[in-house]
Amino acid sequence: VCDFIMNNPGLIIVDRKYKDICKAYDVKCPHEFRLTYNVISKSFDSNYNYDNVTEALDKDVLELVEDWFNECNKSISE
């Protein structure tokens, strides 16, 4: 993950500008970012995926977001 993104965790990058940033740093660009707020540590947990999950899992983005929300809800109730 490029240093710029890691050093600016509160930054939300729109219009796919992250691709330009990653190209500038000559690093592989993630297809997916997941930021989940951890209430216990009072920080964000981040996960990055470099594979094109929509093709690999044959799901659209909305289905992936719904799956993620379900994972979050499951972890909250545990």
Side-chain angles (χ1 to χ4, degrees):
V1 177
C2 69
D3 293 333
F4 183 82
I5 294 171
M6 290 301 292
N7 292 326
N8 295 283
L11 179 67
I12 297 175
I13 303 169
V14 294
D15 296 331
R16 299 191 182 266
K17 294 209 182 281
Y18 63 88
K19 287 185 178 182
D20 295 335
I21 294 167
C22 291
K23 281 181 186 177
Y25 281 83
D26 195 29
V27 294
K28 192 174 180 180
C29 190
H31 280 270
E32 177 184 9
F33 302 93
R34 289 186 183 193
L35 293 175
T36 307
Y37 186 71
N38 185 325
V39 176
I40 295 168
S41 67
K42 297 181 181 177
S43 64
F44 283 97
D45 296 330
S46 59
N47 294 325
Y48 302 89
N49 192 344
Y50 295 91
D51 299 323
N52 189 340
V53 188
T54 55
E55 288 179 9
L57 298 178
D58 195 30
K59 291 185 174 187
D60 65 30
V61 174
L62 293 176
E63 289 174 302
L64 294 172
V65 170
E66 186 175 316
D67 290 348
W68 178 39
F69 285 162
N70 290 336
E71 287 174 29
C72 291
N73 285 332
K74 183 180 175 184
S75 68
I76 289 169
S77 61
E78 290 179 347

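- For Asn70, the CG atom is densely surrounded, since the number of other residues' heavy atoms within 6.0 Å is greater than 12.
- Put simply, Phe44 and Val39 are part of the same group of oily side chains (I, L, V, M, F, W, Y) that touch within less than 4.5 Å, one to the next.
- By the 6.0 Å contact criterion, OH on Tyr37 is enclosed, its count of non-hydrogen atoms from other residues, nucleotides or ligands being greater than 12.
- Here Asn38 contributes atom CG and Ser46 contributes atom OG; the two are 11.5 Å apart, rounded to the nearest 0.5 Å.
- In this structure, Trp68 and Leu64 have side chains that are not in contact, with every pair of non-hydrogen atoms separated by 4.5 Å or more.
- Annotation for Asp45: atom CG counts as buried by contact number, over 12 foreign heavy atoms lying within 6.0 Å.
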Starting from the C-alpha separation in whole Å, work towards a yes-or-no answer on side-chain contact (heavy atoms from CB on, under 4.5 Å) for Tyr25 and Ile21. CA-CA 6 Å; Tyr25 281 83; Ile21 294 167; 4.1 Å; yes
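- If you take CG on Asp20 and NZ on Lys23, they are separated by 6.5 Å, rounding to the nearest 0.5 Å.
- The minimum heavy-atom distance between Pro30 and Tyr48, with the atom names listed, is CG-CD2, 4.1 Å.
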